[in-house]
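One structure is given below, encoded as structure tokens.
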Amino acid sequence: MKLLTFKRGGIHPPEHKSLAEHKTIERPELPETIAINLCQHLGKPAKAIVKAKDEIAVGQLIGEADGFISSHVHASVAGVVAKIEKRMTAIGTLDETILITVDKDKTREQLDTLNKPKIQTIDALSPTDLLGLIKSAGVVGEGGATFPTHVKLSPPPDKKIDTIIINSAECEPYLTADHQLMIEKPIEILKGIQILQKALGVETVYIGIEANKPDAIRLFIEKLQDPSFRGIQVVSLRTKYPQGGEKQLIHAILKRQVPSGKLPFDVGALVQNVGTVFAVYEAVYCSKPLIDRVTTITGFVNKPGNYLLPVGIGFEQVISNVAGGFKDPERVREVINGGPMMGKAIRQLDVSVMKGTSGILVLSETQVCYVDEGPCIRCGRCVDACPMGLMPTNIAQDAQFKSTDTLAASMDCIECGSCSYVCPTHRQLVHWIRIGKTVFRNANRSSK
Amino acid sequence: MKSLVITSSPHVRSIERLTDVMYDVVIAMIPAVLVSIYFFGLQSLLITVTAVVGCMAFEALFLKIAGKTNIRATVLDGSAIVTGILIALNLPPTSPIWMTLIGSLIAIIVAKQVFGGLGYNIFNPALVARVFLLISFPVQMTRWVNPSFFKGDAITAATPLGMLKTDGLATVSKTFSHLDFFLGTIGGSLGEVSAVALLIGGLYLLMRKVISWEIPVSMLGSLFIFTGIFWMLDKARYADPIFHILTGGALLGAFFMATDMVTSPITRKGMLIFGAGIGVLTGLIRLFGGYPEGVSFAILIMNSLVPLIDKYTEVKKFGLVKVKA
Ligand code: SF4
Ligand code: SF4
């Protein structure tokens, strides 16, 4: 099969996937308490609708979406609300958080019923019904951006979507959660795709999988022999970072360029992460809200693997009880929420797993490379690596010295980190470009 | 557990570091250095060592006086060593020690550190040193000897390009063959004699992706075409294009000096323009200028145009497509 890829830039970082690859998804022991952040998504935080001492059931709505771009938050366990307070989240924000004391027996019991499919087909459901179910289940993009899925599935009426792309590239090094999910739940994922097809009235679907997951490619081709899955095709993508970037994926598969400053629906495409598709399946078939997700715990831990984690379980708990603890606590330097290229380093371990936590990566002192920034030697490597055709070194320089000349270009940066990755003098290009974005936004605001 | 560190993403980096890049350049110059020792003897080794030590010492001294920290790391980052070897390769084998040291001083202090150090300099430091010495000490800088190994004792001799300028093409053809240029059995500065050693080093750099093909190819290509046109017009007067590529500093410049990252354009398109400019300017100076050799001047002139070239060759942003209304 021909390997498709985006054309410009890209890098080949060492994959390190073998640590957790092919490890069966395990459901860990329940913790004593759980802390669910009310801002699990891009947009406005949800509003708490429970209070301390309330008794709650698994899947119960505890945070209500506030406004158009927002999303519901549900309890991932049964138990009693201990308190509601502001807490640090795994993405570094300070948000309202609901702490729940877990009732383990009840949780197990209720989860069993919740996990069972309640309907056999979606024939009886209209597109509006489907969207409603997805919305009330609080489904958000699980790839990391956590954009509310029901909003993404409701493009403005003048934008006609003709193709759905399922993002199964999983191009971040170390992460294998999506891969394993595809191996274990192919039929559920395909059913989830059918839901998207129906909700959007779109026939054509491409499942984009990087070539480093040949078993997943084979499995899906095999499952697609079933004639009931119409219009769906598997495409193999070249293993290259950031193949799973939305704009890169659309370019690789459809040869369409999302114009600068525009969104995928401007070129008639919609991209959904494969984990999200599974959540959509559960929302519709099982009426199960998004309360758990598959996360890869990997790196400098004793038992790296793929785990089905309840939203709100603490990182500390996850690392010590689920993943067998740090290999050597003294040598741990960094814990990352997400992958090594785009994830966020956390400050302390008492933060909770969120809907967007695709991975928890522990890096030891030998893996973290913290060196001072050197000067730019103008080698051009960052320019060659940038998939968005930007001049990272120039933007970074302007951001650093507060000139706004090239900062408009910073808005096109997808923060993939390819430029910083290749820089031989370790300049923190993405960091400066992020600052550049803020400077540019502020400059524009004040000139208006 | 110790406290966690917070770094900005990405949290992993390519293993390639500045020092790797620089030491690769050093490795690539080893064949040329060895050939020069083979041809010119220990004198050549002495010049190289003096230049390298001189560059590192002057850099350390400057940083110390300027009150910089991290002196050790900067001096050992490899860039001063590269500059030192390049200076040596650009000097005639008879260069006195004091002149070599002055060259190092000019390169490191005037051409590099005064501009702000590595990454901020506009001109290639080694070339600034060469041109400075050429203007200040024209006698010492043009005292060439033939490689002693092949032609008996070292005797004063002209470089092929010098001979071409003063004695005309006929004398040159009588004295040398193309094979002489290729192997290096000709007069010239340390690094200008053996084309084959330079090619080996250049290929190594290309293979290691330290340099890209654009600058060497466009520079040598345009020099070839430019001198080729004149050769076709009057074969008795102008030397053939192969001669121009194999002699003087053309190969040394193409692989080791024009490709200096700091002083060359950042985009591929810019590199092509930059290289082509050097090729044409070199041809112009060699054919019509006052000096027999023009590579150094050509590169320095193009160095000064880099900001302009960069400005007009920015890469095309992804997504600059027309939006359907
Ligand atoms: S500038 Fe932005 S888009 Fe380009 S490589 Fe850097 S992080 Fe990626
Ligand atoms: S990769 Fe680093 S050193 Fe090279 S041009 Fe970009 S910023 Fe400069």
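All chains are named by letter (A, B, ...) in the order of the sequence lines, taking the proteins before the strands, and each is independently numbered beginning at 1.
Environment of NZ in K311(B): sparse, with no more than 12 heavy atoms of neighbouring residues, nucleotides or ligands closer than 6.0 Å. Remark: R256(A) CZ is packed, more than 12 non-hydrogen atoms of other residues, nucleotides or ligands lying under 6.0 Å away.
Of the atoms belonging to M388(A), heavy atoms from both backbone and side chain fall under 4.5 Å from chain B. At a 4.5 Å heavy-atom cutoff, S418(A) makes no contact with chain B through either its backbone or its side chain. P13(A) does not touch chain B: none of its heavy atoms, backbone or side chain, sits under 4.5 Å away. For chain B, the nearby parts of I377(A) are the backbone and the side chain; heavy atoms of each come within less than 4.5 Å. Of the two parts of L390(A), the backbone and the side chain both hold a non-hydrogen atom closer than 4.5 Å to a non-hydrogen atom of chain B. With a 4.5 Å cut-off on non-hydrogen atoms, K7(A) does not touch chain B at all. Contact of C379(A) with chain B is made through backbone and side chain together, with heavy-atom distances under 4.5 Å. The part of P387(A) that comes within reach of chain B is its backbone (N, CA, C, O), which places non-hydrogen atoms under 4.5 angstrom from that chain. Only the backbone of V422(A) comes within contact range of chain B, with heavy atoms under 4.5 Å apart. Of the two parts of H251(A), only the side chain, counted from C-beta on, holds a non-hydrogen atom closer than 4.5 Å to a non-hydrogen atom of chain B. Looking at Q367(A), only its backbone comes within 4.5 Å of chain B, counting heavy atoms on both sides. For V21(B), the part lying under 4.5 angstrom from a heavy atom of chain A is the side chain only.
Interface check for chain A: of the options S14(B), G119(B), G116(B), the most heavy-atom pairs under 4.5 Å are formed by S14(B). The candidate from Q348(A), K344(A), R381(A) with the greatest count of non-hydrogen atom pairs under 4.5 Å with chain B is R381(A). Highest contact tally toward chain B, considering only I336(A), D328(A), V430(A), is held by I336(A) [criterion: heavy-atom pairs under 4.5 Å]. Looking only at heavy-atom pairs under 4.5 Å with chain B, the residue among C386(A), C382(A), P375(A), C419(A) that has the most is P375(A). Each of L363(A), D158(A), I346(A) has some count of heavy-atom pairs under 4.5 Å with chain B, and the biggest count is that of I346(A).
For residues 62-79 of chain B, a heavy-atom distance under 4.5 Å to chain A picks out no residue at all.
The shortest distance between side-chain heavy atoms of E314(B) and N394(A) falls below 4.5 Å. With a 4.5 Å cut-off on side-chain heavy atoms, P424(A) and R17(B) do not count as touching. Residues M341(A) and S9(B) are not in side-chain contact: their nearest non-hydrogen atoms beyond the backbone lie 4.5 Å or more apart. Taking the side chain as every heavy atom from C-beta outward, H426(A) and L18(B) never approach each other to under 4.5 Å. Residues D384(A) and R268(B) are in side-chain contact: their nearest non-hydrogen atoms beyond the backbone lie under 4.5 Å apart.
Side-chain contact of T7(B) with E334(A): a donor-acceptor pair under 3.5 Å is present, judged by distance alone.
The main-chain N or O of G343(A) is found under 3.5 Å from a side-chain atom of H11(B) such that the two form a donor-acceptor pair. Formation of a donor-acceptor pair under 3.5 Å by the R378(A) side chain with backbone atoms of T263(B) is not found in this model. The main-chain N or O of I6(B) is never found under 3.5 Å from a side-chain atom of R347(A) such that the two would form a donor-acceptor pair.
To the nearest 0.5 angstrom, F318(B) atom CZ is 10.0 Å from S260(A) atom OG.
When all heavy atoms are compared, the tightest approach of R13(B) to S420(A) is NH1-O, 3.1 Å.
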